[in-house]
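Before any comments, here is the structure.
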Amino acid sequence: MLETIWFILWGLLWAMFFILDGFDLGIGTLLPFLGKDESERRIMYNAAGPFWDGNEVWLIAAGGVTFAAFPKAYAVMFSALYTPLLLLLFALIFRAVSFEFRNKVAHAGWRTLWDGVHFVANIVPCVLLGVAFANLFMGIPVDAQGIFHGNLLSLMHLYGIAGGIFFLCMFVLHGALWLAIKCRGTLQTRAVATALFIWPVVVVLLIIFLLLTVMRTNLFANYLTIPVLLVLPVLALTGLILARIMLREGKLWLAWGSSAVFILGVTFFGVVGMFPGMIISSLEPAATVTAFNGASSPLTLKIMLGVALVMVPIVLAYQFWTYRLFSTPVTHEDLKDDHAY
């Protein structure tokens, strides 16, 4: 029972990271396309500015829970996916540096350099996360000793690439909606137009990804066994459709919230489809690391659950306060503040 609870919490932490840091990644990816001048680019930076570092807490939490609750899964995952995860880490480091270094020198060339770094450091995590999770859904070539028989290129198969492109467009849609909330004028108009343009692209990619999922993975087995679980893909589809409806009606906060529901549904669709597998072996089914054979002791899980029940609500309350405090659009006056990016 404890293993199942922690598996659900593990999936929830990843979903929170995708929802909250996803819009940061999406805005950074859109920077060279929507930021037409220095003022607009600064508004885009500051649309994510108060949130991006706090949003990464959920990535740390997801990694920490994997380490503490499922140490065997952590060991195999960070060994088999060492290269993409290391690239992800470096990308996030350079993203943080780009936020802080961009305005250290008042020179157009310097800012252009860090804008380029910022763009790459946002698009790379979008793609890598999609590739990594697509491979987790399909299975990776690990043996009974947890040794990975492959390399980075072996992860870049059709399904992995499809996952990377799908995640990228999903985060771009999410980021465009957040940017539309946080800005006004022509930049907001372009953000809304971008969301309207990318929405049907996400729909097409979702259909392609689901078809490949049927052909390349065993994710639908749990849904065929327990049909009530089909509420998860229905939830994702409902969120995606509502995002478009709310966007058409100009209800931007509801559109972004619907996009968040879509990401939540997509994440849990994959995670629940994997259950109880966490690191599915494509070489030996018996070598698969599950939530049961890869979990910590019941006492450890029980203590951790008590800590989580206390700390997670505190983190949520703090982030709710942060989002409420910085809920207003970024204006040109805000850019004059010494703390603005």
Side-chain angles (χ1 to χ4, degrees), residues 4-26 55 58-59 61-62 65 126 129-138 159 162-178 195 198-214 216-248 251-278 291 312 316:
T4 303
I5 292 173
W6 272 106
F7 185 87
I8 294 171
L9 289 175
W10 178 73
L12 180 61
L13 291 173
W14 280 112
M16 291 297 295
F17 172 65
F18 294 155
I19 291 169
L20 295 181
D21 210 37
F23 74 76
D24 294 340
L25 297 171
N55 292 340
W58 297 102
L59 175 62
V65 163
C126 293
L129 287 167
V131 170
F133 272 83
N135 277 276
L136 288 176
F137 296 159
M138 189 179 76
Y159 188 60
I165 297 174
F166 172 60
F167 267 55
L168 172 63
C169 292
M170 180 172 68
F171 290 152
V172 166
L173 172 63
H174 203 47
L177 291 170
W178 182 260
I198 202 69
W199 187 87
V201 177
V202 173
V203 172
V204 172
L205 290 172
L206 176 63
I207 294 170
I208 293 172
F209 190 68
L210 285 175
L211 290 175
L212 289 173
T213 298
V214 172
R216 300 293 184 97
T217 78
N218 197 35
L219 286 189
F220 282 96
N222 284 342
Y223 295 95
L224 295 176
T225 304
I226 310 175
V228 70
L229 295 176
L230 289 170
V231 69
L232 294 173
V234 170
L235 177 70
L237 185 59
T238 301
L240 184 58
I241 293 172
L242 283 176
R244 179 63 180 83
I245 294 173
M246 294 299 107
L247 183 60
R248 183 185 62 199
K251 299 176 180 178
L252 297 177
W253 275 106
L254 289 177
W256 184 83
S258 299
S259 176
V261 170
F262 170 59
I263 295 174
L264 178 70
V266 167
T267 305
F268 269 97
F269 163 73
V271 169
V272 171
M274 291 169 60
F275 185 79
M278 297 187 71
V312 171
L316 287 172

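Predicted model only: the values in this text are computed from it and were never measured.
Checked by atom type and distance alone, the side chain of Asp21 never pairs as donor or acceptor with a backbone atom of Leu59 at under 3.5 Å. Distance alone, capped at 3.5 Å, is enough to place a donor-acceptor pair between the His174 side chain and the Ile19 backbone. A distance-only check finds a donor-acceptor pair linking the side chain of Ser258 to the backbone of Leu254 [under 3.5 Å].
Side-chain contact check for Leu232 versus Tyr223: some heavy-atom pair is nearer than 4.5 Å. Two residues are said to be in side-chain contact when any heavy atoms from C-beta on lie closer than 4.5 Å; Asn55 and Phe23 meet this criterion. At least one side-chain heavy atom of Leu177 sits under 4.5 Å from a side-chain heavy atom of Leu247. A 4.5 Å side-chain heavy-atom check between Leu252 and Trp178 finds every atom pair outside the cut-off. Looking at Leu129 and Phe18, their side chains come closer than 4.5 Å, going by heavy atoms from C-beta outward.
Closest approach of Ala134 to Gly163, counting heavy atoms only: CB-CA, 4.2 Å. The two residues Arg216 and Met138 have their closest heavy-atom pair at O-CG, 3.2 Å. The two residues Leu25 and Cys126 have their closest heavy-atom pair at CB-SG, 3.5 Å. Across all their heavy atoms, Leu219 and Met274 have their closest contact at CD2-N, 3.6 Å. Taking both residues in full, the closest heavy atoms of Gly273 and Asn222 are given as O-ND2, 3.3 Å, listed atom of the first, atom of the second, then distance. A pairwise comparison of heavy atoms in Ser259 and Ala243 identifies N-CB, 4.1 Å as the closest pair.
Applying the side chain to side chain donor-acceptor pair (under 3.5 Å) test to Thr217 and every residue at least two apart in sequence or in another chain returns nothing.
Annotation: the span from Leu242 atom CG to Lys251 atom NZ amounts to 10.5 Å, rounded to 0.5 Å. One distance of note links CG of Leu173 with CE of Met170; it measures 9.5 Å at 0.5 Å rounding. Considering OG1 of Thr267 and CG of Leu13, their distance stands at 11.5 Å, rounded to 0.5 Å.
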Under 3.5 Å, side-chain donor or acceptor atoms of residues 198-212 against the rest of the protein: list the pairs with distances, not counting sequence neighbours.
from   : atom 1 : to     : atom 2 : distance (Å)
Trp199 : NE1    : Leu240 : O      : 2.7

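With Trp14 as reference, Phe133 is the one residue of Phe268, Phe133, Trp58 to meet the ring-ring contact (aromatic ring centres under 6.0 Å, His included) rule. Phe269 pairs in a ring-ring contact (aromatic ring centres under 6.0 Å, His included) with only one of the listed residues (Phe220, Phe262, Phe275, Phe137), which is Phe220.
Between Phe7 and Trp10, the ring-plane angle classifies as tilted under the 30° and 60° cut-offs.
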